Visitor: 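Before I ask anything, let me first share the structure, which is written out below as structure tokens.
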Protein chains: 2
Amino acid sequence: MERADATRNRVLVLEAARRLFTSQDPRSVTMEDIAREAGVGRATLYRRYPDVPTIAAALLGEHESALQAELIGGPPPLGPGAPPAQRLAAFYTAMIALLEEHLPLVLGAETGEARFRAGAYGFWRAHVKAILTEAGVKDALAATDVLLAPLAPDVYRYQRQVLGYSQARVTRAVIWLAQACLPDD
Amino acid sequence: MERADATRNRVLVLEAARRLFTSQDPRSVTMEDIAREAGVGRATLYRRYPDVPTIAAALLGEHESALQAELIGGPPPLGPGAPPAQRLAAFYTAMIALLEEHLPLVLGAETGEARFRAGAYGFWRAHVKAILTEAGVKDALAATDVLLAPLAPDVYRYQRQVLGYSQARVTRAVIWLAQACLPDD
DNA sequence: TTATAACTGGACGCGCTGTCCACTTATTCC
DNA sequence: GGAATAAGTGGACAGCGCGTCCAGTTATAA
């Protein structure tokens, strides 16, 4: 069981990290920043978290879990029951919403290669693969990563902040993709 | 005009960088590594190149230019003349081939956010956007970045080296995507 | 040949990383 | 209630890469 002081510090660290991620470029946040902001020594951080992305992932985890629960057991079209194209479109819409709401955290946790190492990616893969298989796509496995690529945090950030597209516009684009790829909606 | 010693060192640097990129993880190559391998001081490097990705981009540039020339003026379906779906498929195939052949350089130059800052990305965007527009896609601009996402170096590296997919399998997947998205081939 | 400008290399300070160890604090057992 | 024990803590430390600076060197032009 966790000691009282450890609990207190864990909360301090997570709150400090959340503040930093949202108040500056998430990719520039360092372990030292978080320790200083939390008023805690650096070794205390390293005891629990090996690096910054892991801290961001811990903050992001609960939101991802909520979506995952809906995908597994929620009402259609997010949950099971709807035709493949609609399920894929609903998944895309929900993922874009997640990216929009927690972009700083996602950029901190799943930028670049770290995205694939994150546990969540495996879940999204399994989900999309199941949809594609149900729709009768030939090589569902290879198609999965292709269809997940547009959801990369870097891509979404580029579309939103550099190109200036709205959340709705990006959402429409990925829904268009879903409808185009899966036949007989 | 460029001084003789500067030319000599520029060649030394580029050759050293190419060796390093292909003999170790490209993302772990540092400016100091390149300077040491080239037998040159660090300031000499910084005079010409601000960072490692720029050096990788210089090495990659000629190969990208060759493909760009074919896209503009080469024979169809890579060049103009073929129907949109075939042109997109040909573009995908060529890009995957480029990734396969020069993956170390691409990973060094265009990983993560740097991909969008690279000049080449603008070219690929313009090219795909033209194809989509010709095919009558509604919001061709937003669709472009979505369709370019699967070509991100990180994604290809993951498919090839982590998942173990063959070049042909990934190529088939993106061609499937092209065919699905563009109507009446 | 000399003057000028470009080029070069090593040294420097900075910030971040990850580890280590001595100290402190909470919990457990008597 | 008071030790014994284990967990938690913070600051110090060495290492590494970055980006800059300056004094010395070398090529080109007058």
Side-chain angles (χ1 to χ4, degrees), chain A residues 1-21 23-59 104-105 107-114 117, chain B residues 1-59 104-105 107-114 117-118:
Chain A
M1 78 171 289
E2 191 179 50
R3 254 171 58 168
D5 52 351
T7 306
R8 177 174 43 79
N9 275 351
R10 192 177 38 108
V11 172
L12 281 178
V13 163
L14 289 178
E15 282 177 352
R18 169 168 274 129
R19 274 197 301 278
L20 289 176
F21 281 130
S23 71
Q24 60 178 271
D25 184 341
R27 291 159 298 184
S28 73
V29 174
T30 70
M31 292 293 268
E32 191 162 10
D33 288 336
I34 298 174
R36 196 181 322 117
E37 174 79 15
V40 147
R42 285 156 32 70
T44 306
L45 232 58
Y46 279 104
R47 163 167 296 268
R48 223 179 299 266
Y49 306 105
D51 49 37
V52 176
T54 302
I55 299 179
L59 287 166
L105 290 182
L107 285 174
E110 303 176 358
T111 254
E113 187 199 12
R117 270 186 276 116
Chain B
M1 77 172 290
E2 191 179 48
R3 253 169 59 167
D5 52 351
T7 305
R8 176 174 44 79
N9 275 352
R10 201 197 42 201
V11 172
L12 281 177
V13 163
L14 289 178
E15 281 177 352
R18 167 168 277 129
R19 274 197 301 277
L20 289 176
F21 281 128
T22 53
S23 70
Q24 61 178 271
D25 185 340
R27 289 159 299 185
S28 73
V29 174
T30 71
M31 292 293 266
E32 192 161 8
D33 288 337
I34 298 174
R36 197 183 320 116
E37 175 79 16
V40 147
R42 281 156 33 71
T44 306
L45 232 57
Y46 279 104
R47 164 165 296 269
R48 224 179 299 268
Y49 306 105
D51 48 37
V52 176
T54 302
I55 299 180
L59 287 166
L105 290 183
L107 285 174
E110 303 176 358
T111 256
E113 187 200 13
R117 271 186 274 115

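Because the structure is a prediction, the values reported are computed rather than measured. Atom set for the values below is all heavy atoms of this structure, side chains included, hydrogens, waters and symmetry mates excluded. A note on names: the letters A, B, ... follow the listed sequences, proteins ahead of strands, and every chain is numbered from 1.
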Visitor: Of all heavy-atom pairs between A:Val52 and A:Thr30, which one has the smallest distance, and what is that distance?
Guide: CG2-C, 3.9 Å
Visitor: Enumerate donor-acceptor pairs with a distance under 3.5 Å from any side-chain N or O in residues 1-11 of chain A to protein atoms, sequence neighbours excluded.
Guide:
| residue | atom | partner | partner atom | Å |
| --- | --- | --- | --- | --- |
| A:Glu2 | OE1 | A:Thr7 | OG1 | 2.7 |
| A:Glu2 | OE1 | A:Arg10 | NH2 | 3.3 |
| A:Glu2 | OE2 | A:Arg10 | NE | 3.1 |
| A:Glu2 | OE2 | A:Arg48 | NH1 | 3.2 |
| A:Arg3 | NE | A:Asp5 | OD1 | 3.2 |
| A:Arg3 | NH2 | A:Asp5 | OD2 | 2.7 |
| A:Thr7 | OG1 | A:Arg3 | O | 3.1 |

Visitor: Separation of B:Met31 atom CE from C:dG9 atom P, in whole Å?
Guide: 14 Å
Visitor: Going by the rule salt bridge (charged side-chain N to carboxylate O under 4.0 Å, His left out), which residues pair with B:Asp33 if we only count those two or more places apart in sequence or in a different chain?
Guide: B:Arg36
Visitor: Using a heavy-atom distance cut-off of less than 4.0 Å, which residues of residues 40-57 of chain A contact DNA chain D?
Guide: A:Val40, A:Gly41, A:Ala43, A:Thr44, A:Arg47, A:Arg48
Visitor: What pairs meet the salt bridge (Lys or Arg N to Asp or Glu O under 4.0 Å) rule with one or both residues in residues 19-32 of chain B, with sequence neighbours excluded?
Guide: A:Glu113-B:Arg27, B:Arg19-B:Glu37, B:Asp25-B:Arg27
Visitor: Taking only the side-chain nitrogens and oxygens of B:Asn9, find out if one of them lies under 4.0 Å from OP1 or OP2 of C:dT8.
Guide: yes
Visitor: Could you state the atom-to-atom distance from CD of A:Glu32 to C1' of D:dG11 in whole Å?
Guide: 11 Å
Visitor: Starting at atom CD1 of A:Ile34, determine the distance to atom P of C:dC16, rounded to an integer number of angstrom.
Guide: 12 Å
Visitor: Of all residues at least two apart in sequence or in a different chain, which pass the side chain to side chain donor-acceptor pair (under 3.5 Å) check with A:Ser23?
Guide: none
Visitor: Restricting to non-hydrogen atoms, name the atom on B:Leu12 and the atom on B:Ala38 that form the minimum distance, rounded to 0.1 Å.
Guide: O-CB, 3.8 Å
Visitor: Can you give one letter per nucleotide of nucleotides 22-30 of chain C, 5' to 3': B if a protein heavy atom sits under 4.0 Å from the base, S if only from the sugar-phosphate, - if neither?
Guide: ---BSS---
Visitor: How many Å lie between CG on B:Leu20 and P on D:dG17, as a whole number?
Guide: 12 Å
Visitor: On a heavy-atom basis, which atom in B:Met31 and which in B:Tyr49 lie closest, and how many Å separate them?
Guide: CE-O, 3.4 Å
Visitor: Mapping B:Ser28 and A:Thr7 to their closest nucleotides on DNA chain D, which lands nearer the 5' end?
Guide: A:Thr7
Visitor: Which pair of non-hydrogen atoms, one from B:Ala56 and one from B:Gly108, has the smallest distance, and what is that distance?
Guide: CB-C, 3.7 Å
Visitor: Please find the pair of heavy atoms, one from A:Ile34 and one from A:Ala16, that lie closest to each other, and give the distance.
Guide: O-CB, 4.1 Å
Visitor: Between atom CD in B:Glu37 and atom P in C:dG9, what is the gap in whole Å?
Guide: 15 Å
Visitor: Whole-Å distance between C:dT8 C1' and B:Arg10 CZ?
Guide: 16 Å
